[in-house]
Amino acid sequence: MPQPLSFNPSGPPFIELQSVDSTNNYARQLIQSVYQTELPVRQSVIPDLAQHQLAVFAHEQVAGKGQRGKVWASEKGSNIVMSILINPYPLRLTAQFQLSVCAAVALHNFFIKYTGGDASIKWPNDLYWQDRKAGGILIENIVAGEQQDSSANPQWKWAIIGIGININQTNFSPVLPNPVSLKQITGKNFDPVVLAKELHAIFIEKYNSLLQEGFENMYTQYLTHLYKRNKAVRLKKDNRVFEAVIKTVLPTGRLVVQHAIEEEFDFGDVEWVIG
């Protein structure tokens, strides 16, 4: 594994890496080390094991992962590329969408602090500014008990929340339909590490609020900032492209749209047609 440049031993744990294949992969390796029977002894304050609410930040990610098996490409040293580890207890496995909403609301709250507005959450958890994508979230869950014993209740052991936000990058691959960065919006340069630590703190605040206050308020914030709510968009399901009005997102995470009929979709059932 790559050796961290720095680690914050006080306050929210934050690992800073120079380069990594994927921060989600690095986080997964930390989690796997928890279950190893023997660990090497290292004279270092850098953690060998996963910790609840630990963030892994990388200046360069050479094999970043996006939703639906896509690649998340990020210019070296220009953006927020970070994964946050969560031990989701006491949330139940059925509450996975609640964690997704929590992360999306945290990103939105962080971003509007610098843009002043025009930011929204595109279902399920992309960060948009106007009609352009500024960031995204990929959550990978580690569940125990679902394969070893079919009669046992699966236990949600860990969630790895991968976050990518365009900060200073201004040149993007032409294959990306609608990217935008904070610099393009504001005309200013930012320190990605400083912003990543700020976003990390905002997420922890939102996550603690979810546990203490429940899902209702977080869900209301999500719907308030839902991209294209009550507006017509183009969607694609299998080989069918159709226009529909975005009505809402259910607490379970299903998207509700209206065209000739009302339909509901799970993530992965339908994709947006951009451009």
Parallel, tilted or perpendicular, as decided by the 30° and 60° cut-offs, for the rings of H59 and F57:
perpendicular
Ionic contact status for E263 with R240, cut-off 4.0 Å
yes
So, Q221 versus H108: side-chain donor-acceptor pair below 3.5 Å or not?
no
Do the non-hydrogen side-chain atoms of Q98 and Y219 ever get within less than 4.5 Å of each other?
no
Heavy-atom donor-acceptor pair, T186 side chain to K188 backbone, under 3.5 Å
yes
Under 4.5 Å side-chain linkage, directly or through intermediates, the cluster mates of V241:
V273
Should F97 and F267 be marked as a ring-ring contact (aromatic ring centres under 6.0 Å, His included) after you check the CA-CA gap, both sets of side-chain angles, and the distance that decides it?
CA-CA 10 Å; F97 183 64; F267 176 67; over 10 Å; no
For Q169 and S78, does a side-chain donor sit closer than 3.5 Å to a side-chain acceptor?
no
Test P192 against every option in N168, L182, N79 by the side-chain contact (heavy atoms from CB on, under 4.5 Å) rule and name the one that passes.
N168
Side chain of Q130, backbone of A119: donor and acceptor closer than 3.5 Å?
no
Looking at Y128, I'd like to know if the NZ or CZ of K133 sits under 6.0 Å from its six-membered ring centre while staying within 45 degrees of the ring's axis.
no
One should read off an interatomic distance between S74 OG and I80 CD1, to the nearest 0.5 angstrom, of 10.0 Å
